[in-house]
Amino acid sequence: MINDPTRSTQHSALSTPAVRVRIAPSPTGLPHIGTFRTFLFNWLFARQKGGAFVIRIEDTDRARLIPGAIEALTEAVRWFGLDWDEGPEVGGPYGPYLQSERLPTYHEQVERLVRDGRAYRCYCTPERLDALRAEQQARKEPPGYDRLCRDLTDIERARRDAAGEPSVVRFAVPLDGSTTFQDLIHGDVTWENRVLDDFVILKSDGYPTYHLAHLVDDHVMEITHVLRGDEWISSTPRHMLLYEALGWVPPIFAHLPAILGPDRKKLSKRHGPTGIAAFQEAGYLPEALLNYLGLCGWSPGTDQEIFSLKELVEQFSLERVNQTGAIFDHAKLDWFNGVYIRAMGPQELAVRLRPFLGETAGMLDDDALMAISGLFQDRLKTLGEARELMDFFFVDRLEYQAAMLIQKGMTVAQTIEGLRRSAVLAAEIASFDPEALESAYRVLTDELGLKPLQLFMSIRVASTGMTATPPLFATMAVLGRERCLRRLTAAVERLSGSM
RNA sequence: GCCCCCGUCGUCUAGUGGCCCAGGACGCAGCCCUUUCAAGGCUGAGAUCGCCGGUUCGAAUCCGGCCGGGGGUACCA
């Protein structure tokens with residue numbers, strides 16, 4: 001074993017720190033499309049580098065917790081066909097993966113910062129803070145904590161603690177100097193420390209704020225790269241200061257561009273449903289959504305648009321992530337979805353379509369459903385719109401205006417005669433397949449002195465109740481002789497009755 | 001207000017000093033195919049590269065200023 005020749009290779013692989021990335025959602029809402037783009041990029045990066053992808057739940061905001069949020073997240077991840085190496089349900093060697101279970105660690109670090117004079121207890125009430133902010137705004141001063149408690153004496157602090165006064169812990173930001181961090185996507189970003197105020201790191205309920213908690217976790221979990229939304233850029237200098245005070249090496253940062261609504265503001269519910277579930281219910285395919293999201297903020301530098309997950313893993317690179325926010329383009333997503341629907345095999349389409357169809361459709365066997373869905377494959381943008389388009393296959397009685405049967409340049413009598421003869425033909429034709437139907441009906445068109453468009457559209461309306469359908473004779477073949485006959489006859493009766 | 005980020009067709013983007021009077025995709029328009037609707041094929045409209053100055057023989061690409069948009073400025077994340 002000791003002489004195992006692979007040993008040295010393994011060793012050098014170990015000495016190069018493996019990539020470890022994470023997504024750190026807070027369970028304060030349902031999984032959001034923007035969260036998933038960040039999720040995707042982290043996942044792609046981890047898989048490409050052969051690293052670990054961690055899910056960590058940031059549940060330090062106890063007031064806004066939503067029950068079931070974690071389950072909704074993991075369910076959505078599975079729907080996408082993605083996975084995670086450590087986190088909820090699967091655990092891992094760097095747990096706990098729930099911040100609420102790591103409180104002692106945060107307290108330990110906070111105490112260390114206080115002891116080192118890098119943080120201090122603050123007894124200011126929310127009321128005083130509100131008033132302060134209002135005052136500053138009125139005077140057009142930059143809002144921010146005025147550091148009232150920063151220079152309290154030890155005796156004063158001891159007195160107020162003993163009196164049971166609630167307090168938070170604030171980080172003592174250096175009064176001068178500047179802080180710079182390097183971002184893989186944005187380059188160097190620098191702040192003057194004096195524009196930063198003494199932010200809270202431990203709340204009065206004993207929970208850490210995001211600023212402290214995520215940073216302690218990232219360190220303890222040995223996270224190597226932080227890929228997060230660019231709304232975090234402005235808090236990053238605080239994080240750098242914290243790393244410095246704690247004596248830890250910060251990870252590598254890459255701030256991802258935001259996904260925007262049509263008004264160029266960060267995408268939110270105001271722009272319509274943004275939850276993963278909404279896309280799922282509307283009949284978007286996970287692979288199409290993933291493809292679209294992969295191109296939301298990243299581009300391969302080639303003309304390729306259609307990517308399998310495997311190709312995304314191979315080609316993704318942080319260097320090619322854009323700096324500019326991207327407006328979420330529903331029309332383009334629809335196009336992607338259509339591309340993926342068209343690329344499916346017939347039986348797969350039927351299987352994936354079934355949950356979107358009503359109960360009547362549920363009675364159909366796979367072959368019957370496959371025949372129907374095949375007719376619509378080129379016409380669907382989402383699975384969700386199938387039900388309405390296919391409805392005439394599932395209902396007994398068609399609902400349509402009788403006038404729709406009569407085409408331009410046709411009299412009522414001509415229409416009745418056309419439909420009557422069409423019914424006779426449907427009853428008598430030897431083989432009810434598309435080719436036979438088409439040639440027979442073309443002959444009938446000539447006999448009646450009508451244009452194909454006229455007769456065919458009348459038959460279309462009579463047998464489907466719609467003016468836009470898949471090719472008529474293929475549709476009729478799937479409907480079957482009996483139903484076509486019944487519907488043609490019914491159309492004749494309706495028109496005759498209206499005369 | 002202050003700080004930070006960003007700024008190429010309507011949208012997503014290619015483009016890192018000459019190959020660009022700017023390429024691709026979605027969307028849009030027209031034509032072809034055609035029994036309708038799609039799909040597919042072809043063609044087209046669409047960007048004085050936010051603006052102004054500078055550097056350079058030459059700038060979408062480099063520099064400066066300005067303007068515009070976004071984000072942050074919480075005991076939210």
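Convention: sequence-line order gives letters A, B, ...; per-chain numbering from 1.
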Rounded to whole Å, how long is the line connecting atom CG of A/L472 with atom C1' of B/A38?
15 Å
Please give, in whole Å, the distance from B/A77 P to A/W232 CH2?
7 Å
Has A/R56 got a side-chain N or O lying under 4.0 Å from the OP1 or OP2 atom of B/A77?
no
Reckon A/T190 touches a base, only the sugar-phosphate, or nothing at all at heavy-atom distances under 4.0 Å?
sugar-phosphate
A/K266 near the nucleic acid: base, sugar-phosphate alone, or nothing, with a heavy-atom cut-off under 4.0 Å?
sugar-phosphate
Using both distances under 3.5 Å as the test, list the Watson-Crick or G-U wobble partner of B/A47, or none.
none
Heavy atoms under 4.0 Å, any strand shown: does A/G229 hit a base, just sugar-phosphate, or nothing?
nothing
Could you please name the option among B/A77, B/C5, B/U35 that lies closest to any side-chain atom of A/S235?
B/A77
Check whether the side chain of A/S204 and the base of B/C75 form a donor-acceptor pair under 3.5 Å.
yes
Identify whether any heavy atom of A/F473 sits under 4.0 Å from a base atom; if not, whether one sits that close to sugar-phosphate; answer base, sugar-phosphate or nothing.
base
Contacts of A/D263 and A/L295 projected onto RNA chain B by closest heavy atom; the upstream (5') one is A/L295
Out of B/G7, B/C75, B/U35, minimum distance to the side chain of A/T324 belongs to B/G7
Strictly under 3.5 Å: I want the nitrogen or oxygen pairs between protein and nucleotides 62-66 of chain B, one per line.
none

To the closest 0.5 Å, what do you measure between CD1 (A/I23) and CZ (A/F41)?
11.5 Å
Distance check: side-chain N/O of A/R342 vs OP1/OP2 of B/G40, anything under 4.0 Å?
yes
Categorize A/D334 for me: base, sugar-phosphate, or nothing, with a 4.0 angstrom heavy-atom threshold over every strand shown.
nothing
Per A/V189 side chain, nearest of listed nucleotides B/C37, B/C4, B/C75:
B/C4
Can you run down the ring pair (Phe, Tyr, Trp, His ring centres under 6.0 Å) pairs that involve residues 437-460 of chain A, sequence neighbours left out, and say none if there aren't any?
A/Y441-A/F473, A/F456-A/F473
With the side chain defined as heavy atoms from C-beta on, A/P143 is closest, among B/A77, B/A74, B/C75, to B/A74
When rounded to whole Å, the CE to P distance for the pair A/M240 and B/C4 reads 16 Å
So A/T467, base contact, sugar-phosphate only, or nothing? Heavy-atom distance under 4.0 Å.
base
Given atom CZ of A/F171 and atom C1' of B/C75, what is their separation to the nearest angstrom?
17 Å
Shortest side-chain distance from A/R320, nucleotide among B/A25, B/C5, B/G15
B/G15
Distance check: side-chain N/O of A/N322 vs OP1/OP2 of B/A14, anything under 4.0 Å?
yes
Taking OP1 and OP2 of B/A77, is either one under 4.0 Å from a side-chain nitrogen or oxygen of A/R64?
no
Between A/Y123 and A/D161: side-chain donor-acceptor atoms closer than 3.5 Å
yes
Base, sugar-phosphate, or nothing for A/R264, non-hydrogen atoms under 4.0 angstrom?
sugar-phosphate
Between A/K332 and B/U13, is there a contact of a side-chain N or O with OP1 or OP2 at under 4.0 Å?
no
For the side chain of A/R170, starting at C-beta, report the closest nucleotide among B/U35, B/C75, B/C76.
B/C75
Any-strand Watson-Crick or G-U partner of B/A38, both distances under 3.5 Å
none
Nearest-nucleotide pick for A/D329, side chain only, options being B/U36, B/U11, B/G1:
B/U11
Sugar-phosphate, base or nothing in reach of A/T236, heavy atoms under 4.0 Å
nothing
Identify the residue among A/T382, A/N337, A/D334 that makes a side-chain hydrogen bond (donor to acceptor under 3.5 Å, both in side chains) with A/Y284.
A/D334
Starting at atom CG of A/N193, determine the distance to atom P of B/U73, rounded to an integer number of angstrom.
18 Å
Heavy atoms only, 4.0 Å cut-off, all strands: where does A/P471 land among base, sugar-phosphate and nothing?
base
For a quick check of understanding: with a heavy-atom distance under 4.0 Å over all strands, which category does A/P262 fall into, base, sugar-phosphate or nothing?
nothing
Distance check needed: B/G7 C1' versus A/I327 CD1, whole Å only.
12 Å
Any side-chain donor-acceptor pair under 3.5 Å between A/T469 and A/R460?
yes
Quick one: is A/Q323 getting a side-chain N or O under 4.0 Å of the B/C5 phosphate, OP1 or OP2?
no
In Watson-Crick or G-U wobble terms, both distances under 3.5 Å, what is the partner of B/C67?
B/G7
Between A/D198 and A/Y120, a side-chain donor and acceptor under 3.5 Å:
yes
Report the C-alpha separation of A/H255 and A/T236 in whole Å, then their side-chain angles, then the decisive distance to 0.1 Å, and conclude whether the side chain to side chain donor-acceptor pair (under 3.5 Å) test is met.
CA-CA 10 Å; A/H255 286 95; A/T236 307; 3.3 Å; yes
From NE2 of A/H214 across to P of B/C76 the rounded distance in Å is 16 Å
Using distance alone, with no hydrogens and no angle criterion, decide if A/Y207 and A/D61 have a side-chain donor and acceptor under 3.5 Å apart.
no
Rounded to the nearest 0.5 Å, how far does CG of A/L256 lie from CG of A/N322?
10.0 Å
Among A/D197, A/V173, A/L212, which one satisfies side chain to side chain contact (heavy atoms under 4.5 Å, CB included) with A/R238?
A/D197
Counting only side-chain nitrogens and oxygens, does A/S299 get under 4.0 Å of the OP1 or OP2 atom of B/C12?
no
B/A77 phosphate, OP1 or OP2, under 4.0 Å from A/K203 side-chain N/O
yes
Taking B/C76, B/A39, B/U35 as options, the one with an atom nearest any side-chain atom of A/E438 is B/U35
Rounded distance in Å - CZ (A/F328) to P (B/U11):
16 Å
Contact nearer the 5' end of RNA chain B, comparing A/A326 with A/W335:
A/A326
For residues 442-457 of chain A, the salt bridge (Lys or Arg N to Asp or Glu O under 4.0 Å) pairs (sequence neighbours left out) are A/R421-A/E447, A/E438-A/R442
Nearest-Å distance once atom P is located in both B/C20 and B/C28
30 Å
